[in-house]
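When reading the values below, keep in mind they use all heavy atoms of this one structure, side chains included, and skip hydrogens, waters and symmetry mates. All figures in this text were calculated on a predicted structure; none of them were measured in a lab.
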Amino acid sequence: MQYTHIPAVPADQLRQLTTREAALALLQHLAKSEDCPQYVATIGSARQAFRDEQGCDVLLSRLSDAWCCLEAHALLSRVPGQSDGFRQLS
């Protein structure tokens, strides 16, 4: 059985968008989910989705920058009572 991993933000968007725009695309993706977003899960899924893409490390860094932008602007925050890895939309 093979799993299909779908990144939170597609590779072509990560290559073209500014960090702020990529952050907004990531926010739209996270808003569709009912689960609490986790950085490790988001990056891990993207790592699998981008494994055959040229510049995989750059794409992962761009996605990580987008996540950090959301946290820096308080659009993602810790979930009270959960471990440090869980976030919620603010």
Show me, pair by pair, the donor-acceptor contacts under 3.5 angstrom made by side chains of residues 59-66, not counting sequence neighbours?
unit_1, atom_1, unit_2, atom_2, d
S61, OG, D57, O, 3.1
R62, NE, L14, O, 3.0
R62, NH1, T19, OG1, 3.0
R62, NH2, L14, O, 3.3
R62, NH2, L17, O, 2.3
S64, OG, Y39, OH, 2.8

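- Through direct or indirect side-chain contacts shorter than 4.5 Å among Ile, Leu, Val, Met, Phe, Trp and Tyr, V79 is connected to F86.
- Clustering of Ile, Leu, Val, Met, Phe, Trp and Tyr side chains at separations under 4.5 Å leaves I6 isolated, with no partner residue.
- Among residues two or more places apart in sequence or in another chain, the side chain to side chain donor-acceptor pair (under 3.5 Å) test is passed with Q88 by none.
- The minimum heavy-atom distance linking R47 with C56 is given by the pair O-SG, 4.4 Å.
- The nearest pair of heavy atoms linking C36 to R87 is CB-O, 3.4 Å.
- Expressed to the nearest 0.5 Å, how far CD of E53 lies from CZ of R15 amounts to 4.5 Å.
- Residues satisfying the ring pair (Phe, Tyr, Trp, His ring centres under 6.0 Å) test with F50, not counting sequence neighbours, are none.
- Judged as a side chain to side chain donor-acceptor pair (under 3.5 Å), and not counting sequence neighbours, Q38 has no contacts.
- The side chain to side chain contact (heavy atoms under 4.5 Å, CB included) test applied to D12 returns P10, not counting sequence neighbours.
- Taking L75 as the reference, L27, L70, H73 meet the side chain to side chain contact (heavy atoms under 4.5 Å, CB included) condition, with sequence neighbours excluded.
- Closest approach of R51 to Q48, counting heavy atoms only: NH1-O, 2.6 Å.
- Both L89 and W67 belong to a single network of hydrophobic side chains, linked directly or stepwise wherever heavy atoms of I, L, V, M, F, W or Y lie under 4.5 Å apart.
- Remark: R78 pairs with D84 by the side chain to side chain donor-acceptor pair (under 3.5 Å) rule, at least two apart or across chains.
- In this structure R20 satisfies the salt bridge (Lys or Arg N to Asp or Glu O under 4.0 Å) test with no other residue, sequence neighbours excluded.
- The side chain to side chain contact (heavy atoms under 4.5 Å, CB included) check on S90 picks up S77, with sequence neighbours excluded.
- By the side chain to side chain donor-acceptor pair (under 3.5 Å) test, S33 pairs with no residue at all, sequence neighbours left out.
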